[in-house]
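Heads up, the thing below is written out as structure tokens.
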There are 2 protein chains.
Amino acid sequence: MMTEVEIKEVEIKTASEQTRMRLLDAAREVFSQHSFQGATVREICRRAEANVAAVNYHFGSKDGLLAEALNFAQLAALQKANVEAAECPKIRLRMFLCDFMLMLLDEKNPSSQCRIMARELADPTPALDKIVREAIAPLHEFLGKLVREIVGDKVGEAELRRCVHSIVGQCLFYRHSHPVLQRLHPKLRYDRKEIEAIGEHIAEFSLAGIKHLDKVSRS
Amino acid sequence: MMTEVEIKEVEIKTASEQTRMRLLDAAREVFSQHSFQGATVREICRRAEANVAAVNYHFGSKDGLLAEALNFAQLAALQKANVEAAECPKIRLRMFLCDFMLMLLDEKNPSSQCRIMARELADPTPALDKIVREAIAPLHEFLGKLVREIVGDKVGEAELRRCVHSIVGQCLFYRHSHPVLQRLHPKLRYDRKEIEAIGEHIAEFSLAGIKHLDKVSRS
DNA sequence: GAGCGTATCAAACGTCTGTTTGAAAGTAAA
DNA sequence: TTTACTTTCAAACAGACGTTTGATACGCTC
């Protein structure tokens with residue numbers, strides 16, 4: 001049987017770890033809504049109900065907080081499950097794109113890391129190297145292999161790479177340009193149904209593009 | 001015959017207008033390289049070899065400078081020339097995409113406005129409304145009509161809109177993710193040949209996607 | 001050259017930023 | 001309770017930011 005102290009440690013952890021968690025959650029929230037320069041330590045601490053000094057005490061700096069807030073486990077799990085699935089490559093591409101778009105766009109999705117990733121693309125930050133290494137490079141590699149399965153060996157590396165770029169570009173567009181799209185189509189709501197329709201569209205559009213590439217290359 | 005004064009006005013304008021021009025050029029340079037929050041008035045003035053107060057004297061504020069620095073004449077001219085061209089819609093899409101990618105990626109291209117536009121997408125700024133109204137909305141409308149010409153009337157508005165998003169998304173990806181792509185493929189140089197190859201790829205990829213949409217819709 | 005409006009300049013302003021500090025509060029073992 | 005250590009806190013720090021100011025220099029008309 002556990003002592004009272006042990007229960008406390010397991011269930012609610014130490015007070016210190018609680019504030020660490022609250023800071024990380026708040027950081028993910030704020031970093032996904034503002035650029036790194038736009039996000040302020042004071043707002044993160046306000047949302048975490050912690051003192052301004054807490055960030056530097058627990059994480060050393062604002063940079064350190066961002067680095068620790070990044071966690072691409074969910075994105076990696078998505079890729080792992082997809083690779084191990086028994087379906088054919090085309091269906092796996094469809095599945096992945098729907099899941100990925102839900103990660104990027106669904107506000108209810110707890111994984112805001114991909115939204116941070118998307119935001120950091122344009123504005124290099126000390127954390128960008130980590131993002132590229134742990135999230136973006138594996139993602140491109142994963143999609144490259146998947147497209148290669150579909151397109152066969154007749155297509156060159158450069159064309160294959162551009163196909164991956166085309167797919168990723170379509171996905172990120174909806175995240176990057178969200179403020180613009182809201183102004184262009186004010187009445188459009190990005191609910192789960194709409195997000196899945198977008199994922200389906202990107203899959204259909206891209207599969208046709210890949211297939212056509214195949215034809216061009218063989219001719 | 002012109003007097004000396006008139007010649008002076010026409011050729012080198014007033015000293016005041018010269019610094020205005022230098023400020024606008026420097027602003028376009030800096031705003032296209034950093035986010036609005038990341039770009040500093042001091043650096044703009046340093047590059048323009050002007051005093052820090054010059055921005056507020058000539059443009060009222062940093063916001064005003066950005067608003068005046070924006071000028072989408074080249075993008076509009078591109079669309080106008082394309083609409084008036086005699087070619088078939090598919091070839092016109094190819095032409096436009098190559099020109100557009102050159103505007104977005106070619107460092108030698110004097111039109112950095114599109115690079116600013118791309119940068120501002122993610123980070124709403126007081127100038128975003130003007131950008132959407134004068135550049136993005138017309139661009140989407142132009143591409144929507146072009147795709148409509150290719151795809152016919154059998155496709156719904158929602159699907160057509162998503163096609164335009166797919167095209168624009170692919171184009172902007174190369175601009176947005178430039179820092180990332182440089183890390184992923186360090187040896188790849190974005191010279192004129194590579195940019196045109198990218199434009200060709202996006203055109204081929206998208207035409208296949210559009211065509212496939214047509215087939216799906218008719219079936 | 002005198003006078004006048006415009007443009008430039010160094011300097012300062014107030015505010016916001018990330019970060020540091022030193023004291024206070026909390027925690028847990030002896 | 002005492003002791004030693006960790007965590008929180010209000011306050012202040014140094015620097016960067018956009019902007020303002022008042023003096024100075026310039027260009028022009030008379």
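As the structure is a prediction and not an experimental result, all values here were calculated from the model. By convention in this document, chain letters (A, B, ...) are assigned in the order of the sequence lines, proteins followed by strands, and residues within each chain are numbered from 1. All values below were derived from every heavy atom in this structure, side-chain atoms included, with hydrogens, water molecules and symmetry-related copies excluded.
What separates NZ of B:Lys62 from C1' of C:dC16 is a distance of 13 Å, to the nearest Å. Distance A:Leu23 CG to D:dT7 P: 13 Å, rounded to the nearest Å. For the pair B:Phe59 CZ and C:dT8 P, the computed distance is 11 Å after rounding to whole Å. Distance, B:Arg46 CZ to D:dA16 P: 14 Å, rounded to whole Å. Here the P atom of nucleotide D:dC28 and the CD atom of B:Glu17 are 13 Å apart, to the nearest Å. The CD1-P distance, from A:Ile44 to C:dT17, rounds to 11 Å in whole Å. D:dC26 atom P lies 15 Å from atom CD of B:Gln18, rounded to whole Å. To the nearest angstrom, P of D:dC17 lies 10 Å from CD of A:Gln37.
For the pair A:Lys80 and A:Phe142, the NZ or CZ position fails the cation-pi test of under 6.0 Å to the six-membered ring centre and within 45 degrees of the ring normal.
Residue B:Asn56 places its side chain closer to D:dT20 than to any other of C:dT19, D:dT20, C:dA7. Counting only heavy atoms from C-beta on, B:Asn51 has its side chain closest to C:dA10 among D:dG18, C:dA10, D:dC9. Among C:dT8, C:dT20, C:dT19, the nucleotide with an atom closest to any side-chain atom of A:Ala53 is C:dT20. Nearest to the side chain of A:Arg42, among C:dA10, C:dT8, C:dT19, sits C:dT19. When each of C:dT19, C:dA7, D:dT19 is scored by its nearest atom to the side-chain atoms of B:Ser16, the top-ranked nucleotide is C:dA7.
Between B:Phe205 and A:Phe205, the angle of the ring planes lies from 30° to 60°, which puts this pair in the tilted group. By the 30° and 60° cut-offs, the orientation of the rings of A:Phe173 relative to B:His165 is tilted.
Other residues, nucleotides and ligands place more than 12 heavy atoms under 6.0 Å from the CD atom of A:Glu194.
For the pair A:Thr19 and A:Arg22, the minimum side-chain heavy-atom distance is below 4.5 Å.
Taking 4.0 angstrom as the limit, B:His58 places a side-chain polar atom (N or O) nearer than this to OP1 or OP2 of C:dT8. One finds no side-chain N or O of B:Thr19 lying less than 4.0 angstrom from the OP1 or OP2 phosphate oxygen of C:dA7.
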